[in-house]
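Read through the structure below, which is laid out as C-alpha cells, and then see the notes.
Reminder, nothing fancy here: chain letters follow the sequence lines and each chain counts from 1.
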Protein chains: 2
Amino acid sequence: MSKKYKILVADDDSDILEIIKFNLERNDFEVTVTNKSTETYELALKIRPDLILHDVMMPDMDGFQVCRKVKSSDILRDTPFVFLTARNEEHHEVQGFELGAEDYIAKPIKPAALSTRLKAIIRRYTKEEKLPSLQLGIFRIDREGYVVYKNEEQISFPKKEFELLYILASSPGKVFSREDVLSRVWGNDVYVGERTVDVHIRKIREKIGDDYITTIKGVGYKFVIG
Amino acid sequence: MSKKYKILVADDDSDILEIIKFNLERNDFEVTVTNKSTETYELALKIRPDLILHDVMMPDMDGFQVCRKVKSSDILRDTPFVFLTARNEEHHEVQGFELGAEDYIAKPIKPAALSTRLKAIIRRYTKEEKLPSLQLGIFRIDREGYVVYKNEEQISFPKKEFELLYILASSPGKVFSREDVLSRVWGNDVYVGERTVDVHIRKIREKIGDDYITTIKGVGYKFVIG
DNA sequence: GTATATATTAAGCAATTATTAACGTTGGAA
DNA sequence: TTCCAACGTTAATAATTGCTTAATATATAC
C-alpha cells in the first residue's frame, strides 16, 4: 500500500470542490477544501499537504498571490502547487510558472484523470527523502538495510529497535525523554506504555554493548559516541 | 519536571466533563471545565489555557462559533483549539479546520490516550523555546545532553543538580535565595526543606570545584565565572 | 564569645530504571 | 492453511540511583 497523499483544494465554486473532493477521496487521497483563498496558506501550514490545488481566479485573493506566498515559505516551498484554470485562461500559464507553480489543470475537470495526474506530480516533485546512513565512531547505521555495523561486525535489528536507535543516534549527546521517543518512533496516535521504551533499550544494549546508550535518570536516554 | 499544562474543556454533558477532568488531572494537567459555550471565550481569556477542548454541538453556541472567536482574538489565536465530535459528525472536520482548529478528537473518548494526545498537540503547535546551552568561561552547560564541560572534561549530573546549576549559571553573578531555587527547580507546590538546597550545592561543588559557586550568607548562592 | 547560618556526612526512603518472563500478534515457510 | 519463529508489549520483580532529612561540624557576623 502506498502512502496516503494529502491534498489541499481551494476554489470558490462549492460544486467543483465537492466533485474534486469526492473523486479524490474515492482514489484514496486525504482531501481538505476551502473556498477562501485567504485561508489557503494557513491551512496548508497546518495540514502540510502533499500538494495544493488552487483556482486561479478567486474573489478574495487570487491564486498567484497565494502561490507566491507558498513558494516563499520555508516550510511550504517544496509543496507542489497546481493551478486550476478555466480553458480561456491559458494565457495565465506563463505567469504561474514564473511564480513556481508545478503544473496546470484545466477546467472542466475530468475526474478519472485527476487523481492519476496529481499522483504523478507528487511523485515527480517530492523528493522522497531517504534518510541518510549515520557514521558515528565505530558505528555505521544503515537505514536502507536496517543494519548496524560495529566496526566490521554486522548487527541486525527489528524495526522498532532500529528506529529507536536511529533516533537517538541522529542527535548524539542529546537526551531524549521516553515521551520524545514514543512520539517519534511510535507516532502521536499510538499509545504504548513508557516502560516499553526501557525494554527496547535493553535489547539494543544487549546487541551493541552497554556503553553507548546512557541513562539520565529522570530525563531519558542518549546516545554517546564511544 | 515538565511544565504543567492548563486545559479548558467545554461540553454540555456533565458526565463527559467529569470523566475528562478526572483523567486529565490524574495525568498532571490543570483542568477548567464549563458546560456553557457562551462562557468559553471569557474563561479562556481569564485562565489562558494551553489548549481548548470544545464540543462541536452545544446548545447555546456551537463549537464553530467559539472557535472562530478564539482564532480571531489576538490573545488566544495561538491557543490550540481541539474539537470533540461524535463519531457521526466527521463531516464537520473540514469546516473546523477551515476555522483554524488544530485537531479533532472523537467521542467516545479513550481516557488513556487523551492526555498523551493533547500533550502531543500542545507541543506541536506551541513553539516552546528550547533552552540554549550556556558557555561561561571554562564551562559549557549543555542542556540537551544534561552534561557540563569544564574545559574538555565532561561532568554528568543527575536531574536536580543539573537544573540547579543551570538556574544559577543562567544569571551569573546574581544571587538566588534558596526559596528562588526551590520554586524554580522543584516547582511551586513541592515542599522541601531549604537545607536540601545546601546538599545539592555541595554535590555540585564536589564535581565542578569549590570556586564557582559563592555563598552569600543570609541571602543565597551565586554562580561566578572562574 | 555567642548566635546564627552554612558545610558536610551518612543513612533511610522514594522513585526510577533494569531485567526477566510471559503473552498475544504477525508474517513467513512448509 | 497451519505451524513456527520473531516481534512488540505488558507486567512483575529486582536493582540501582538520587533525594531528602537529620545530625554534627565548621564558619561567619555581630
Side-chain angles (χ1 to χ4, degrees), chain A residues 1 146-148 155-168 175-187 189-224, chain B residues 1-2 28 110 112-113 116 146-148 155-168 175-187 189-224:
Chain A
M1 181 194 65
Y146 271 66
V147 166
V148 174
I155 309 169
S156 63
F157 286 87
K159 189 174 171 187
K160 284 281 192 293
E161 286 168 36
F162 185 90
E163 298 288 356
L164 171 43
L165 175 57
Y166 189 84
I167 292 290
L168 295 183
V175 181
F176 290 84
S177 71
R178 292 179 175 71
E179 248 180 14
D180 284 342
V181 166
L182 285 175
S183 72
R184 299 226 201 175
V185 176
W186 276 258
D189 304 321
V190 179
Y191 306 101
V192 174
E194 293 201 339
R195 307 273 114 244
T196 299
V197 177
D198 302 27
V199 177
H200 284 275
I201 291 283
R202 164 86 198 354
K203 289 183 179 158
I204 295 170
R205 282 176 173 158
E206 212 165 55
K207 288 175 183 169
I208 68 171
D210 286 348
D211 304 334
Y212 307 102
I213 296 176
T214 305
T215 304
I216 310 294
K217 198 165 171 171
V219 188
Y221 298 98
K222 69 176 174 179
F223 183 90
V224 292
Chain B
M1 177 197 61
S2 70
D28 219 24
K110 293 180 195 159
T116 310
Y146 269 79
V147 164
V148 175
I155 308 168
S156 62
F157 287 86
K159 193 173 170 180
K160 286 277 195 297
E161 285 169 35
F162 184 91
E163 300 287 359
L164 171 43
L165 174 57
Y166 189 84
I167 292 289
L168 295 184
V175 182
F176 290 84
S177 71
R178 292 178 176 72
E179 212 180 339
D180 283 343
V181 166
L182 283 175
S183 72
R184 300 179 82 157
V185 176
W186 274 258
D189 30 44
V190 178
Y191 302 102
V192 189
E194 294 202 340
R195 305 277 113 240
T196 299
V197 177
D198 302 26
V199 177
H200 284 274
I201 291 284
R202 166 78 198 3
K203 289 191 177 148
I204 295 170
R205 282 175 171 158
E206 210 165 57
K207 287 175 183 169
I208 68 171
D210 286 347
D211 304 334
Y212 308 102
I213 296 177
T214 305
T215 304
I216 311 296
K217 195 165 168 159
V219 188
Y221 299 98
K222 69 175 176 180
F223 183 89
V224 292

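A pairwise comparison of heavy atoms in A/Val181 and A/Leu168 identifies CG2-CD2, 4.5 Å as the closest pair. Of all the heavy atoms in B/Phe162 and B/Val148, the pair that sits closest is CE1-CG2, 4.1 Å.
Protein chain B contacts DNA chain D from D/dG18 to D/dT28, reading 5' to 3' and using non-hydrogen atoms of the protein with a distance under 4.0 Å.
Per the geometry, NZ belonging to B/Lys203 stands 14 Å off P belonging to C/dA11, to the nearest Å. For the pair B/Tyr221 OH and C/dT6 P, the computed distance is 6 Å after rounding to whole Å. C/dT8 atom P lies 12 Å from atom CD1 of B/Ile213, rounded to whole Å. With rounding to whole Å, A/Arg202 atom CZ is found 17 Å from C/dT17 atom P. What separates NZ of A/Lys159 from C1' of C/dT26 is a distance of 12 Å, to the nearest Å. Atoms CG (A/Asp210) and C1' (C/dT19) sit 12 Å apart, rounded to a whole Å. If you measure from atom CD1 of A/Ile201 to atom P of C/dT16, you get 18 Å, rounded to the nearest angstrom. What separates CZ of B/Arg178 from P of C/dA5 is a distance of 10 Å, to the nearest Å.
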Would you list the atom pairs, donor with acceptor, under 3.5 Å between side chains in residues 202-209 of chain B and any protein atom, with sequence neighbours excluded?
unit_1: B/Arg202; atom_1: NH1; unit_2: B/Glu206; atom_2: OE2; d: 2.7
unit_1: B/Arg202; atom_1: NH2; unit_2: B/Glu206; atom_2: OE2; d: 2.4
unit_1: B/Arg205; atom_1: NE; unit_2: B/Ile213; atom_2: O; d: 3.3
unit_1: B/Arg205; atom_1: NH2; unit_2: B/Ile213; atom_2: O; d: 3.0
unit_1: B/Arg205; atom_1: NH2; unit_2: B/Thr215; atom_2: OG1; d: 2.7
unit_1: B/Lys207; atom_1: NZ; unit_2: B/Glu161; atom_2: OE1; d: 2.9

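Among the atoms of the strands shown, base atoms are found under 4.0 Å from some heavy atom of B/Lys217. At the heavy-atom level, A/Arg195 lies under 4.0 Å from base atoms of the strands shown.
Between B/Thr215 and C/dA7 there is a side-chain N or O to OP1 or OP2 distance below 4.0 Å.
Note on ring orientation: taking the six-membered ring where Trp is involved, the planes of B/Trp186 and B/His200 are perpendicular (angle over 60°, cut-offs 30° and 60°).
Using a 4.5 Å heavy-atom cutoff, the side chains of A/Asp198 and A/Tyr221 are in contact.
The environment of A/Glu194 atom CD is dense: over 12 non-hydrogen atoms of other residues, nucleotides or ligands sit within 6.0 angstrom.
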